[in-house]
Every structure is written in C-alpha cells, then in structure tokens.
Amino acid sequence: MQDIYVFYQGKIVKESEVQISIRSKAFNYGLGCFEGIRAYWDEEAQQLYVFRLKEHFERLQESCKALYMSLPYTVEELCQWTVELLRKNNFKTTVYIRPVAFKGSDHLFPTLFDDDNRVLIYCQPMGNFAGKDAFRAAVSSWRRISDTMLPPRTKATAAYLNSALASLEALQNGYDEAILLTKDGNVCEGPGENIFLVKKGKLVTPSPADDILEGITRDTVMTLAKEELGMEVVERSVGRTELYSAQEVFFSGTAMEVTAVVEVDNRKIADGQPGEICKKIKALFFDIALGKNQKYAHYCTPVYEK
C-alpha cells in the first residue's frame, strides 16, 4: 500500500508515525481549529492547483488568534509546506487538504493558557463531496452557536458538534442538508456551508453579524456575481420565510463547492430545479479552480513545476 505523508510539527512524515495522546486537550475538549482547502487536478495540463491557499491560512491565523492559540508558523511557511506535502504524496487527482491547529497538552483542565501548540496537515482525494447536483434542505430545530458562545468564524473543532446535530436531524427526517437559524431566528448557514438567495435580481446572503463563517468560497461567489454577472450583492439578515419565496437558493463551501438547494421545508424553490444564477456561478467557479481563467490566476497555486 502506498505510504501517505502528512505534515506534523515542522516535518513531513508518514501518517503511521504520528501519534496523539488519548489525554490530549484536542481530543478531550476540542481545543483546536482547522481549515478546509481544495486542490483541483487539471488532467489536460497535468497540473494540480490549490484554490486560494494563502487566504485559507490567513483565516487559520485569525482563528488561532481569537482562540488564544499561537500558530508556530507563518502563513508563507504553511503555504510552502502544503505544496511540498502535495508533491510528496504525488497526487494526480482533486484533493481535500485539512490543516489543524490544536492544543496537544495532556493536562486535565480545559484551559487554553498553555504553550503546547501543534499543527498538522493531511490530505485525501475528494471529488464531488455533495454527491448530487441539488439538495433538499430543512430548517433545523438546533440553533446556530453565536459569537458570544463559541465563535463560528474561528472554525473551532468543538463547534462542529453543533453542525453534526443539525445534519443528523436533517438526514433522519429525509432531507439532504440542514439550514441553521441564529438565536434571533435569522437564517445563518448550513452545517458546513454558506447560503445564498436570489431575490428580485439581487444576490442576498446573511451578513457576518449573523454568526456565519466568512467563507472563502462565499467571497469567491460574491466576487463572481458582481464582476462577471453584474449583480448587486447584498449582505443582510434574512428571515426564514424569505427562503420559500426566493427565485433561487444555493450553498457554497470548500467541500460543498457551489450546490443548488431546490426545496426547503417541503416547499419547492421556484420550479424545483437548479437556477440559472447558480449554474453560471458554478461553471465560472470550476473554470477558475482549474486554472483556466487568467483573470483569476492569482487564486490558484500550481503544485508541480513545469
């Protein structure tokens, strides 16, 4: 079996050589944060492009700061290690990259006030995570955690229990995905993805003040809507029933990419088919991620030297 390599504590090593204690604070209390990054394989060019690599590590740095964790590497160093790791694994397929910063201490108490800060990065092949072109979604009875509880913008590992509960409820009730509301009842996001609505020709998405993760794919979607489709993009609070009357609804995220939502709470969105805006943005997104749009070449980091 081919050896899988990971980055751990300043070195690229075989994954089988990495051991984390069962007493670790990361395991016992979820004291850590992470990123999700995609690298897209272009068969024609025989090249692997990492999508918005620097921005992901800048967000990891911001997460660590908010959680009082010291990230022992610069953004530039983490970018370089990631490219080297992908080369070492010799991936020739689309890949998901998972950096994790965590507290490795085995002290009993769940304090962040210690200096055992660790970083690992692992990768795995990943194609269409969504598994389908369109989702049926339901508003969850679980409310989204707020910035004064466990800040969602930090991508804290512990926060994803909130996501898991919402997803579980949706799946048990026959839906594909959940939509979470804030404690005030505003639309927030999915368990692992941002949400967009098309309303009266405008692209609408919940604002950062509504406890969302400020997604990098979200930012890409807003840029494409404004610059390529000439749409007005509005960040504001969104009421639950606005979902039902929207012309389109779709999710965005690193794993989710751009995926249509065609039904919410047993109500069809428009004609119950993926909308034209979603389809156009999705096509633009993949064109860019595969390094085929020079206007956005700065979004892509090539892995293999030519």
Side-chain angles (χ1 to χ4, degrees), residues 36 129-147 152-153 155 159-160 162-167 169-171 173 175-226 229 231-270 272-282 285:
F129 172 80
K132 54 181 64 181
D133 293 328
F135 274 19
R136 295 176 61 249
V139 173
S140 179
S141 66
W142 296 96
R143 292 298 174 101
R144 189 62 170 149
I145 51 175
S146 77
D147 200 49
R153 64 166 42 89
K155 280 187 80 71
Y160 280 75
N162 181 230
S163 298
L165 288 167
S167 287
E169 179 183 54
L171 292 171
N173 288 327
Y175 295 94
D176 302 308
E177 189 59 297
I179 296 171
L180 288 128
L181 305 181
T182 68
K183 59 182 175 56
D184 296 322
N186 297 323
V187 174
C188 182
E189 58 187 11
E193 53 277 328
N194 295 115
I195 192 167
F196 287 91
L197 297 76
V198 177
K199 304 267 294 185
K200 298 180 180 178
K202 300 177 182 178
L203 189 65
V204 179
T205 191
S207 75
D210 280 317
D211 296 323
I212 69 165
L213 173 73
E214 293 176 76
I216 290 166
T217 307
R218 173 183 180 270
D219 178 73
T220 306
V221 167
M222 293 192 294
T223 298
L224 294 177
K226 285 185 282 191
L229 303 185
M231 295 183 71
E232 181 180 349
V233 178
V234 181
E235 296 178 85
R236 63 166 174 82
S237 294
V238 175
R240 174 178 180 167
T241 54
E242 288 190 76
L243 295 168
Y244 308 150
S245 60
Q247 283 76 61
E248 297 185 33
V249 177
F250 61 91
F251 286 133
S252 75
T254 296
M256 184 65 69
E257 297 163 325
V258 180
T259 302
V261 177
V262 296
E263 185 179 309
V264 178
D265 294 341
N266 287 315
R267 295 164 174 83
K268 283 185 179 180
I269 305 302
Q273 298 296 319
E276 290 303 312
I277 299 300
C278 177
K279 288 191 285 188
K280 287 177 181 178
I281 290 175
K282 186 172 187 173
F285 173 81

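Index from 1, following the sequence.
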Exercise. Excluding sequence neighbours, so at least two apart, what forms salt bridge (Lys or Arg N to Asp or Glu O under 4.0 Å) with Arg143?
Worked result: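 Salt bridge (Lys or Arg N to Asp or Glu O under 4.0 Å) list for Arg143, sorted by chain: empty.
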Exercise. Sequence neighbours excluded, which residues qualify as ring-ring contact (aromatic ring centres under 6.0 Å, His included) partners of Phe135?
Worked result: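 Counting only residues at least two positions away or on another chain, Phe135 forms no ring-ring contact (aromatic ring centres under 6.0 Å, His included).
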Exercise. Of the non-hydrogen atoms in Val233 and Lys226, which two are nearest, and what is the gap between them?
Worked result: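 Shortest heavy-atom separation between Val233 and Lys226 comes out as CG2-CG, 3.4 Å.
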Exercise. Roughly how far, to the nearest 0.5 Å, is CZ of Phe285 from OG1 of Thr220?
Worked result: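 It comes to 6.5 Å.
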For this session: Please name all residues satisfying ring-ring contact (aromatic ring centres under 6.0 Å, His included) with Tyr175, sequence neighbours left out, ordered by chain then number.
Result: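 Residues passing ring-ring contact (aromatic ring centres under 6.0 Å, His included) with Tyr175: none at all.
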For this session: Flag yes if more than 12 heavy atoms outside Asp133 fall under 6.0 Å of its CG atom; otherwise flag no.
Result: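 No.
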Problem set entry | Within-4.5 Å side-chain heavy-atom neighbours: Leu203 and Val234 |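 Counting from C-beta outward, Leu203 and Val234 never come under 4.5 Å.
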Exercise. Between CE of Met222 and CZ of Phe196, what distance do you get to the nearest 0.5 Å?
Worked result: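 With rounding to 0.5 Å, CE (Met222) is 5.5 Å from CZ (Phe196).
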For this session: Name all pairs fulfilling the ring pair (Phe, Tyr, Trp, His ring centres under 6.0 Å) condition that reach into residues 197-222, sequence neighbours left out, sorted by first residue then second.
Result: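 Listed once each, the pairs would be none.
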Exercise. Looking at side-chain heavy atoms only, is the closest gap between Asn186 and Leu181 below 4.5 Å?
Worked result: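 Counting from C-beta outward, Asn186 and Leu181 never come under 4.5 Å.
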For this session: Only one of Ile212, Asp219, Val221 passes side-chain contact (heavy atoms from CB on, under 4.5 Å) with Asn194; say which it is.
Result: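 When Ile212, Asp219, Val221 are each tested with Asn194, the side-chain contact (heavy atoms from CB on, under 4.5 Å) holds only for Ile212.
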For this session: Using the test side-chain contact (heavy atoms from CB on, under 4.5 Å), find all partners of Ile216 that sit at least two apart in sequence or belong to another chain.
Result: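 For Ile216, the residues satisfying side-chain contact (heavy atoms from CB on, under 4.5 Å) (neighbours in sequence not counted) are Arg52, Glu55, His56, Arg59.
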Acceptor/donor pairs from residues 273-282 side chains to any protein atom, 3.5 angstrom cut, sequence neighbours excluded:
| from | atom 1 | to | atom 2 | distance (Å) |
| --- | --- | --- | --- | --- |
| Glu276 | OE2 | Lys279 | NZ | 3.0 |

Problem set entry | With sequence neighbours excluded, residues passing salt bridge (Lys or Arg N to Asp or Glu O under 4.0 Å) with Glu169 |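 For Glu169 there are no salt bridge (Lys or Arg N to Asp or Glu O under 4.0 Å) partners, ignoring immediate neighbours.
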For this session: Keeping to residues at least two apart or across chains, list the salt bridge (charged side-chain N to carboxylate O under 4.0 Å, His left out) pairs with something in residues 203-214.
Result: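 The answer is Arg153-Glu214.
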Exercise. Looking at residues at least two apart in the chain, or sitting in another chain, which of them share a side-chain contact (heavy atoms from CB on, under 4.5 Å) with Glu242?
Worked result: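 With neighbours one apart ignored, the set is Leu197, Lys199, Arg236, Val238.
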For this session: Sequence neighbours left out, what passes salt bridge (Lys or Arg N to Asp or Glu O under 4.0 Å) with Glu189? Give chain and number order.
Result: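 By the salt bridge (Lys or Arg N to Asp or Glu O under 4.0 Å) rule, Glu189 matches Arg144.
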Exercise. Between atom CZ of Arg218 and atom OG1 of Thr223, what is the distance when rounded to the nearest 0.5 Å?
Worked result: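 Those atoms lie 10.5 Å apart.
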Problem set entry | Flag side-chain contact, heavy atom, 4.5 Å: Asp265 against Leu243 |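 They are not in contact (no side-chain heavy atoms under 4.5 Å apart), so the answer is no.
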For this session: Could you walk me through whether Ser167 and Glu177 pass side-chain hydrogen bond (donor to acceptor under 3.5 Å, both in side chains), step by step?
Result: CA-CA 6 Å; Ser167 287; Glu177 189 59 297; 3.2 Å; yes
Exercise. Could you give the distance from SG (Cys188) to CD1 (Ile195), rounded to the nearest 0.5 Å?
Worked result: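 One finds 9.5 Å between SG of Cys188 and CD1 of Ile195.
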Exercise. Which heavy atom of Ala166 sits nearest a heavy atom of Leu180, and at what distance?
Worked result: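 Of all heavy-atom pairs spanning Ala166 and Leu180, the closest is CB-CD2, 3.8 Å.
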For this session: For Tyr244, enumerate each residue passing the ring-ring contact (aromatic ring centres under 6.0 Å, His included) test, keeping only those at least two apart in sequence or located in another chain.
Result: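 If we apply the ring-ring contact (aromatic ring centres under 6.0 Å, His included) test to Tyr244, skipping adjacent residues, there are no hits.
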Hey, can you pull the donor-acceptor pairs under 3.5 Å for the side chains in residues 253-262, sequence neighbours left out?
| from | atom 1 | to | atom 2 | distance (Å) |
| --- | --- | --- | --- | --- |
| Thr254 | OG1 | Gly36 | O | 3.3 |
| Glu257 | OE2 | Tyr40 | OH | 2.8 |
| Thr259 | OG1 | Met256 | O | 2.9 |

Exercise. To the nearest 0.5 Å, what is the distance between CZ (Arg136) and NZ (Lys268)?
Worked result: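 Nearest 0.5 Å value for the CZ-NZ distance: 11.0 Å.
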